[in-house]
Enquirer: 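This is the structure I want to talk about, given as structure tokens.
Counting starts at 1 for both ligands and their atoms, in listed order. Starting from 1, each residue takes its place in the sequence as its number.
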Amino acid sequence: MVKVTVCGAAGGIGQPLSLLLKLNQNVDELSLFDVVNVPGVGADLSHICSDSKTESFVPSSKEDKSALANSLKGSDLVIIPAGVPRKPGMTRDDLFNINASIVRDLAQGIAENAPKAFVLIISNPVNSTVPIVAETLKKNGVFNPQKLFGVTTLDIVRANTFISQLYAKETKPSDFNINVIGGHSGETIVPLYSLGNSKSYYEKLSQDDQKALIHRVQFGGDEVVQAKNGAGSATLSMAYAGYRLAESILKSFKESSVVECTFLNLDESIKGAKEAKQLINGLDFFSLPVKLGVNGIEEVHYQVLQQISDDEKKLLQVAIDQLTKNIEKGVAFIKN
Ligand code: NAI
């Protein structure tokens, strides 16, 4: 029996993400938590004739902790898209003041009620919210670095789509699976087009077009924020991306060759994490391709860091400098 809980399930991402999870045959129980509107979302989804059971939980007051506890109990996977999204002109870091405490409180709930669950963090700024969750779980003595995932999958999804659009006659988005490393905001996002089957297409582009493509992946979220004009940020593409990572994790319970990029804690107990850290100035958190398995992240594919081009090395340095501050901010929020 697999139980998946979505925290923030009534939101722009939470609703379509929950719909996709409701359709997944590997999910037996879908638990929906939000501070508003979730009973309606739950009732709606519960009419779908897929085999999983749907339950929804909303606190009766600010002090009520039982709804969160009941939603989380017995969860194998918890996905967190709770919090506020960006408006035009905002960076992801601008969301820190509101989202940091939301994510901390949900992580505390996980520590108390589902300490063994896989935890996927969508709430921004991911570069800081993932360290917040790690520190909260550590404080409670239940942190397992193999099971904490910062969801950067939308950057991979965009990287695949955007290069394919440049070669629309010859390629489809599904031809690509670009490794995107670093973090999840602006210049911390480093797409590695120089590796794999994108290399030949990427190298055919002029230098200006290469720069424009990288910039589009790094700031693709802004296109959606501007187009929505105050009504939020990416929700549908994000639900797809979050679902893709969740689906891969669920698949990895049965198959042993699933690889995804994720923003993880490079704890040295994970194979390849020590080598990765040495190549990125000792950062504790970073997004890299990882091999998934029943126990979570089984191996970090640090080798990509040794294969990147000179231009990508420059992008990496910028990413490392910014990430250092983002990570410190998240860690300090819990420690101080
Ligand atoms: P939204 O405002 O539509 O939905 C957020 C939901 O969270 C709301 O239903 C709200 O009631 C709920 N919520 C607030 N406090 C909560 C709490 N304490 N417990 C449970 N639920 C709570 O926002 P949207 O568009 O769904 O975005 C959610 C987050 O995802 C934002 O932080 C956004 O920046 C982030 N995001 C992340 C991306 C990524 O690639 N990782 C991409 C796009 C957005």
Side-chain angles (χ1 to χ4, degrees), residues 5-19 31-42 56-59 61-65 67-69 71-72 78-88 90-110 119-130 132-133 149-159 180 182-186 188-189 217-225 227-228 230-246 260-263 287 326:
T5 299
V6 180
C7 294
I13 296 167
Q15 290 200 37
L17 174 63
S18 301
L19 171 62
S31 163
L32 310 173
F33 176 80
D34 203 302
V35 289
V36 291
N37 300 340
V38 80
V41 176
S56 50
F57 301 87
V58 64
S61 66
K62 275 199 170 161
E63 292 70 41
D64 174 16
K65 286 191 173 175
L68 178 63
S71 76
L72 290 169
V78 181
I79 313 180
I80 304 188
V84 290
R86 287 190 293 157
K87 293 208 158 64
M90 286 173 94
T91 66
R92 292 178 181 86
D93 198 41
D94 293 332
L95 303 173
F96 186 92
N97 289 342
I98 300 174
N99 289 353
S101 48
I102 292 177
V103 168
R104 175 201 58 202
D105 295 348
L106 292 170
Q108 184 62 34
I110 293 169
V119 182
L120 279 63
I121 306 299
I122 293 174
S123 312
N124 273 317
V126 164
N127 296 352
S128 305
T129 51
V130 175
I132 287 174
V133 175
F149 300 78
V151 183
T152 58
T153 322
L154 184 52
D155 304 323
I156 291 94
V157 167
R158 287 185 177 134
V180 182
H184 174 68
S185 75
T188 68
I189 298 170
V217 176
Q218 292 182 323
F219 294 91
D222 294 356
E223 291 178 19
V224 182
V225 172
K228 291 197 174 178
S233 59
T235 54
L236 302 172
S237 51
M238 180 59 239
Y240 166 75
Y243 177 72
R244 172 175 141 169
L245 182 61
E260 288 283 358
C261 288
T262 189
F263 188 70
S287 185
N326 297 158

Enquirer: Mark up the atoms of ligand 1 that fall under 4.0 Å of a heavy atom belonging to Phe33, in ascending order.
Expert: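 With Phe33 as reference, the close atoms of ligand 1 come out as 19 (N), 20 (C).
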Enquirer: Looking only at heavy atoms, is any part of Val151 under 4.0 Å from ligand 1, and if so is it the side chain, the backbone, or both, or is it neither?
Expert: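 The part of Val151 near ligand 1 is the backbone, not the side chain.
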Enquirer: Answer yes or no: is there an ion pair linking Lys87 with Asp94, defined by an N-O contact shorter than 4.0 Å?
Expert: no
Enquirer: With a 4.5 Å cut-off on side-chain heavy atoms, are Leu17 and Met238 touching?
Expert: no
Enquirer: Can you tell me which residue and heavy atom of the protein come closest to atom 38 (C) of ligand 1, and the distance to 0.1 Å?
Expert: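 Nearest neighbour among protein heavy atoms for atom 38 (C) of ligand 1, to 0.1 Å: Met238 SD, 3.3 Å.
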Enquirer: To the nearest 0.5 Å, tell me how far Asn127 CG sits from Ile189 CD1.
Expert: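 Taking CG in Asn127 and CD1 in Ile189, the distance rounds to 8.0 Å.
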Enquirer: Considering only heavy atoms of Leu95, which atoms of ligand 1 have at least one such atom less than 4.0 Å away?
Expert: 34 (O)
Enquirer: Look at atom 29 (C) of ligand 1 and say which protein heavy atom is nearest, naming residue and atom and giving the distance to 0.1 Å.
Expert: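 Of the protein heavy atoms, Pro81 O, 3.8 Å lies nearest.
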Enquirer: Applying a heavy-atom cut-off of 4.0 Å, say which part of Asp155 lies close to ligand 1: side chain, backbone, both or neither.
Expert: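 The answer is neither.
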Enquirer: For atom 11 (O) of ligand 1, what is the nearest protein heavy atom, given as residue, atom name and distance?
Expert: Asp34 OD1, 2.6 Å
Enquirer: Taking non-hydrogen atoms only, is Val126 closer than 4.0 angstrom to ligand 1 via side chain, backbone, both or neither?
Expert: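 The answer is the side chain.
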Enquirer: Quick test: of every protein heavy atom, which one is nearest to atom 25 (O) of ligand 1, and how far off is it to 0.1 Å?
Expert: Thr235 CG2, 3.4 Å
Enquirer: For ligand 1, note which part of Ala82 has a heavy atom under 4.0 Å away: side chain, backbone, both or neither.
Expert: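 Both parts.
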Enquirer: Would you indicate whether the side-chain heavy atoms of Val58 and Val35 approach each other to under 4.5 Å?
Expert: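 Side chain of Val35 against side chain of Val58, heavy atoms only: no contact under 4.5 Å found.
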Enquirer: Going by heavy-atom distance to atom 2 (O) of ligand 1, choose the closest among Gly11, Pro85, Ala67.
Expert: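 When every heavy atom of Gly11, Pro85, Ala67 is considered, Pro85 comes closest to atom 2 (O) of ligand 1.
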Enquirer: Report yes or no: does a heavy atom of Ser123 sit under 4.0 Å from some atom of ligand 1?
Expert: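 For ligand 1, residue contact (heavy atoms, under 4.0 Å) with Ser123 is present.
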Enquirer: Quick one: look up the protein heavy atom nearest atom 26 (O) of ligand 1 and list residue, atom name and how far away it is.
Expert: Ile13 N, 2.9 Å
Enquirer: Heavy atoms only: which of Ile121, Val35, Val225, Val6 is nearest to atom 17 (C) of ligand 1?
Expert: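 Selected option, by shortest heavy-atom distance: Val35.
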Enquirer: Report the nearest protein non-hydrogen atom to atom 18 (N) of ligand 1: residue, atom name, distance rounded to 0.1 Å.
Expert: Ile102 CG2, 3.5 Å
Enquirer: Does the side chain of Cys7 reach to within under 4.5 Å of the side chain of Leu72, using non-hydrogen atoms?
Expert: yes
Enquirer: Below 4.0 Å, non-hydrogen atoms only: which portion of Ile122 touches ligand 1? Side chain, backbone, both or neither.
Expert: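 Within the 4.0 Å criterion, Ile122 contacts ligand 1 through backbone and side-chain atoms alike.
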Enquirer: Does any non-hydrogen side-chain atom of Ile80 lie less than 4.5 Å from one of Ile122?
Expert: no
Enquirer: Specify side chain, backbone, both or neither for His184, according to which of its non-hydrogen atoms lie closer than 4.0 Å to ligand 1.
Expert: side chain
Enquirer: Quick one: which ligand 1 atoms are inside 4.0 Å of a heavy atom on Ala234?
Expert: 43 (C), 44 (C)
Enquirer: Has Val36 got any heavy atom lying under 4.0 angstrom from an atom of ligand 1?
Expert: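 Contact present.
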Enquirer: List every atom of ligand 1 that sits less than 4.0 Å from any heavy atom of Asn99, numbering the atoms from 1 in the order shown and giving each element.
Expert: 32 (O)
Enquirer: Which protein heavy atom lies closest to atom 34 (O) of ligand 1, and at what distance to 0.1 Å?
Expert: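 Result: Asn124 ND2, 3.1 Å.
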Enquirer: Select one of side chain, backbone, both or neither to describe which atoms of Leu68 lie under 4.0 Å from any atom of ligand 1, heavy atoms only.
Expert: neither
Enquirer: Which atoms from ligand 1 have a heavy atom of Gly12 less than 4.0 Å away?
Expert: 1 (P), 3 (O), 4 (O), 26 (O)
Enquirer: What's the shortest distance from atom 5 (C) of ligand 1 to any protein heavy atom, and which residue and atom give it?
Expert: Gly83 O, 3.0 Å
